[in-house]
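The next block holds one structure in the form of structure tokens; read it before the comments.
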Amino acid sequence: MDFLKDIYGDYKSYIGKMAEISGWVRSLRVSKNFGFIVLYDGTFFKTIQIVFEEDLENFKELSKVTIGSSLIVSGTIVESPGANQDFEMKASSVKIINIADQDYPIQKKRHTLEYLRTVAHLRPRTNTFTAVFRIRSLLAFAIHKFFVEKGFVYVHTPIITGSDAEGAGEMFKVTTLDLLNTPLNEEKNIDYSKDFFGKEANLTVSGQLAVENFCWAYRNVYTFGPTFRAENSNTQRHASEFWMIEPEMAFADINDNMSVAEEMIKYIFGYILESAPEEMEFFEKFIEAGVIEKIKRIVDSEFKRITYTEAIDILEKSGEKFDFPVKWGIDLQTEHERFLTEKHFNAPVFVIDYPKEIKAFYMKMNKDNKTVAAMDLLVPGVGEIIGGSQREEDHTALKKRIEEMGLNEEDYWWYLDLRRFGSVVHSGFGLGFERLIMYLTGMKNIRDVIPFPRTPNSAEF
RNA sequence: UCCUCGGUGGCUCAACGGCAGAGCGGGUGACUGUUAAUCACUAGGUUGUAGGUUCAAAUCCUACCCGAGGAGCCA
């Protein structure tokens, strides 16, 4: 068996030689005495054109195969007289493996992405999705490669968490209790001591608190896995199940944090440009004109770094009319973020040192006692792609913050312990894997970069 | 969750109170190099669901369901 990946790698050495290819029909055009089949074999983004003539014993049968059918084709690789391909295969025999039923939902025409979501089991066969999901795979590999090369240790933080205090959003409950007959305690609340884990359990919303513990063992660590948010958010950028990359570094402050984030983005983007040129060309042509140039510019550019206070200043002086008035202390709205990254800088920009009131309890208090060492990375088109911070490493200060935010100290006993046994300055961030894919490919909806997306009211497949 | 727009054949859409249509796809046939091939013929519909108004509803009204865009929450 020969593979398109290899043939495309050096097609000239195949010219005039026999080859055998197995794959699926993407398109078929037949005349009286000959026909063309466009075949993909899964190993490469590009397809091969099979030319077949009436001397084939199953010519009649073959000229009736449907889109999606599977074939094994033997023939000679020849230079193609056609304009759209350098080479093609002249078939000497074609074995029909399976003829797709004629109601195959993927047609030889453009479908809307919304329609393709309703046939998510079939959409990876289309050009768009075959490209998206190959990029997704390569990107995951590139992330591991980057961190491993830098000496980070990959930590598998739990998916089911006994902590309901990760502080990043609504959680999905994990239970084996009979929902029609839940045991109640004396206060008439659900008695979780009777549940599977003997306590309340949830799907994780973030691996951060867990991964921080491993910092004290390996210095530089990261977790990369699925996370879950039971938020009823219906946007192009949110899903109920998504993947996050969360590095955490000991002896690293917020500046080190930004440097690693920037280095990582550049590294993985460079990796994709190199390893998936065919897919990127496709996105350039059909999804977002200019996307390749956009990614190249990121790889070569210096990310901007401004403080929240400077950001507010820029927004106030911009003369722009915002729906939400700008004032020091507000949380930046989508329209503000977009203005900064798309209009003002037209580049990725780190915004740091946010007011403590609008950020999480574990973030390092700055000397001004008003702001914390938080950082968000904003990118054009997608908005917030990274959220991170330097962590509060002082035991007393962290306890105080937990109290101030009205949280329950007991829930954080092990997290607080880190600050008692060899505490150090440390920092980390969370990167939305899907948002990264969206930015790279130009795909506009998170549902179209997840194989089987989960969103409110939608868990088909 | 809120605001806006939409739901008509397998897909993409038209018809916007008065005969439910087109292109693509499917089927049948024609065609000696196609590239989303081309050409001819043909089958295919309880107009998202449930009510209501009307002589008459895809079209107007009400509720619900589903989808999209925007907002909030965030990654």
Side-chain angles (χ1 to χ4, degrees), chain A residues 26-38 47-54 63-64 66-68 78-85 88 90 100-119 122 126-127 166-170 205-208 224 226-246 261 286 322-324 331-338 358-360 376-379 382-388 429-439 444-450 455-458 460:
Chain A
R26 185 163 279 148
S27 157
L28 176 76
R29 298 178 287 274
V30 224
S31 292
K32 189 180 180 186
N33 306 318
F34 64 92
F36 302 94
I37 291 170
V38 176
T47 53
I48 187 167
Q49 173 165 277
I50 312 285
V51 188
F52 63 101
E53 297 186 359
E54 58 179 337
S63 60
K64 290 209 178 346
T66 48
I67 311 296
V78 296
E79 303 263 7
S80 175
N84 291 8
Q85 59 279 322
E88 62 194 21
K90 196 175 166 329
D101 285 354
Q102 44 178 266
D103 60 345
Y104 182 53
I106 311 269
Q107 297 170 7
K108 199 167 49 175
K109 64 174 236 174
R110 235 176 151 138
H111 290 290
T112 59
L113 296 172
E114 290 82 24
Y115 168 67
L116 289 170
R117 269 173 228 155
T118 68
V119 286
L122 303 173
T126 63
N127 273 326
E166 290 169 331
E170 288 298 309
V205 293
S206 162
Q208 182 204 314
F224 179 20
T227 48
F228 307 85
R229 304 274 167 96
E231 306 278 359
N232 187 11
S233 53
N234 296 285
T235 81
Q236 296 187 86
R237 308 186 305 284
H238 293 85
S240 313
E241 175 178 332
F242 65 100
W243 283 54
M244 268 210 292
I245 300 115
E246 295 174 286
F286 293 104
F322 294 113
D323 290 339
F324 291 84
D331 204 354
L332 295 181
Q333 304 293 314
T334 301
E335 56 175 343
H336 305 140
E337 295 182 344
R338 293 187 79 114
I358 58 173
K359 287 293 178 183
D376 283 358
L377 178 63
L378 312 177
V379 296
V382 176
E384 187 180 336
I385 200 168
I386 283 179
F429 60 87
L431 169 62
F433 185 51
E434 282 78 12
R435 291 190 182 172
L436 210 52
I437 303 170
M438 291 165 72
Y439 189 66
K444 294 283 179 294
N445 196 308
I446 196 167
R447 288 162 247 251
D448 296 327
V449 299
I450 301 176
T455 51
N457 263 315
S458 172
E460 191 66 47

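These numbers come from the heavy atoms of this one structure, side chains and all, not from hydrogens, waters or symmetry mates. Residue numbers begin at 1 in each chain, while the letters A, B, ... track the order of the sequences.
Under the side-chain hydrogen bond (donor to acceptor under 3.5 Å, both in side chains) criterion, Gln85(A) pairs with Ser80(A), not counting sequence neighbours. Listed by chain and residue number, Asp448(A) satisfy the salt bridge (charged side-chain N to carboxylate O under 4.0 Å, His left out) test with Arg117(A) (two or more places apart in sequence, or in another chain). Arg29(A) is linked by a salt bridge (charged side-chain N to carboxylate O under 4.0 Å, His left out) to nothing, counting only residues two or more places apart in sequence or in another chain. For Glu434(A), the salt bridge (charged side-chain N to carboxylate O under 4.0 Å, His left out) partners two or more places apart in sequence, or in a different chain, are Arg136(A). Thr118(A) meets the side-chain hydrogen bond (donor to acceptor under 3.5 Å, both in side chains) test with no other residue; sequence neighbours excluded. When the ring pair (Phe, Tyr, Trp, His ring centres under 6.0 Å) test is applied to Phe228(A), no partner is found at least two apart in sequence or on another chain. Every residue meeting the side-chain hydrogen bond (donor to acceptor under 3.5 Å, both in side chains) condition with Thr66(A), not counting sequence neighbours, appears here in chain and number order: Ser69(A). Looking at residues two or more places apart in sequence or on another chain, you find a side-chain hydrogen bond (donor to acceptor under 3.5 Å, both in side chains) between Asn234(A) and Asn232(A).
Within 4.0 Å (heavy atoms only), Ile67(A) reaches no atom of the nucleic acid at all. As judged by a 4.0 angstrom heavy-atom cut-off over every strand, Tyr115(A) is placed among residues touching the sugar-phosphate backbone only. Thr227(A) comes within 4.0 angstrom of nothing in the nucleic acid, heavy atoms only. Heavy atoms of Leu436(A) sit nowhere under 4.0 angstrom from any nucleic acid atom. Residue His238(A) is classed as a base contact, given a heavy-atom separation below 4.0 Å to a base.
Using a cut-off of 4.0 Å between Lys/Arg side-chain N and Asp/Glu carboxylate O, Lys359(A) and Asp331(A) are scored as not salt-bridged.
Distance noted for atom C1' between rC74(B) and rA58(B): 41 Å (whole Å). Rounded to whole Å, the separation between the C1' atoms of rG67(B) and rA56(B) comes to 31 Å. On the C1' atoms, rU59(B) is 32 Å away from rU1(B), given to the nearest whole Å. The same atom, P, is picked in rA63(B) and in rC3(B); the two are 12 Å apart, to the nearest Å. Using atom C1' as the reference point in both rC11(B) and rG26(B), the two lie 12 Å apart (nearest Å). For the P atoms, the distance from rU42(B) to rU54(B) is 42 Å, rounded to whole Å. Remark: the separation of the P atoms in rA36(B) and rC73(B) is 45 Å, to the nearest Å. Between the C1' atoms of rU8(B) and rG44(B), the separation comes to 14 Å (whole Å).
Scanning all heavy atoms of the two residues, the minimum distance from Ile67(A) to Ala100(A) falls at O-CB, 3.5 Å.
Atom pair Ile446(A):CD1 and rC74(B):C1' shows a separation of 10 Å (rounding to whole Å applied). One can place CD of Glu460(A) at 13 Å from P of rC66(B), the figure rounded to the nearest angstrom. Between the P atom of rU1(B) and the CD atom of Glu231(A) lies a distance of 13 Å, rounded to the nearest Å. Whole-Å rounding puts the Asp101(A) CG to rG26(B) C1' distance at 12 Å. One interatomic measurement links the two molecules: CD1 of Ile385(A) to C1' of rC74(B), which rounds to 13 Å at whole-angstrom precision. Residue Gln208(A) contributes atom CD, which lies 14 Å from atom C1' of rC74(B) at whole-angstrom precision. Atom CD in Gln333(A) sits about 12 Å away from atom C1' in rC74(B), given to the nearest Å. As rounded to whole Å, 15 Å separates atom C1' of rC2(B) from atom CG of Asp323(A).
Here the CZ atom belonging to Arg110(A) is positioned 11.0 Å from the OG1 atom belonging to Thr126(A), to the nearest 0.5 angstrom. Atom OG in Ser206(A) sits 6.5 Å away from atom CZ in Arg229(A) (nearest 0.5 Å).
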Atom pairs, protein N/O to nucleotides 39-49 of chain B N/O, distance under 3.5 Å:
none

Using atom names, set out every protein N or O paired with an N or O of nucleotides 67-70 of chain B below 3.5 Å, distance rounded to 0.1 Å.
{"residue": "rA68(B)", "atom": "OP1", "partner": "Arg117(A)", "partner atom": "NH1", "Å": "2.5"}
{"residue": "rG69(B)", "atom": "OP1", "partner": "Gln236(A)", "partner atom": "OE1", "Å": "3.0"}
{"residue": "rG70(B)", "atom": "OP1", "partner": "Gln236(A)", "partner atom": "NE2", "Å": "3.0"}
{"residue": "rG70(B)", "atom": "OP2", "partner": "Gln236(A)", "partner atom": "NE2", "Å": "2.4"}

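Put simply, the side chain of Lys108(A) gets close to the backbone of Leu28(A): a donor and an acceptor are under 3.5 Å apart. Panel note: side chain Asp101(A), backbone Asp103(A); no donor-acceptor pair is recorded below 3.5 Å. For the pair Glu88(A) (side chain) and Glu79(A) (backbone), a donor-acceptor distance under 3.5 Å is absent.
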Expected string for nucleotides 27-38 of chain B under the B/S/- scheme (protein heavy atoms, under 4.0 Å, primed atoms plus P, OP1, OP2 as sugar-phosphate) is SSS-BSBBB-B-

Using Watson-Crick and G-U wobble pairs with both distances under 3.5 Å, what is the 5'-to-3' dot-bracket string of RNA chain B, with [ ] for crossing pairs and | for pairs outside the strand?
(((((((..((((....[..)))).(((((.......))))).....(((((..]....))))))))))))....

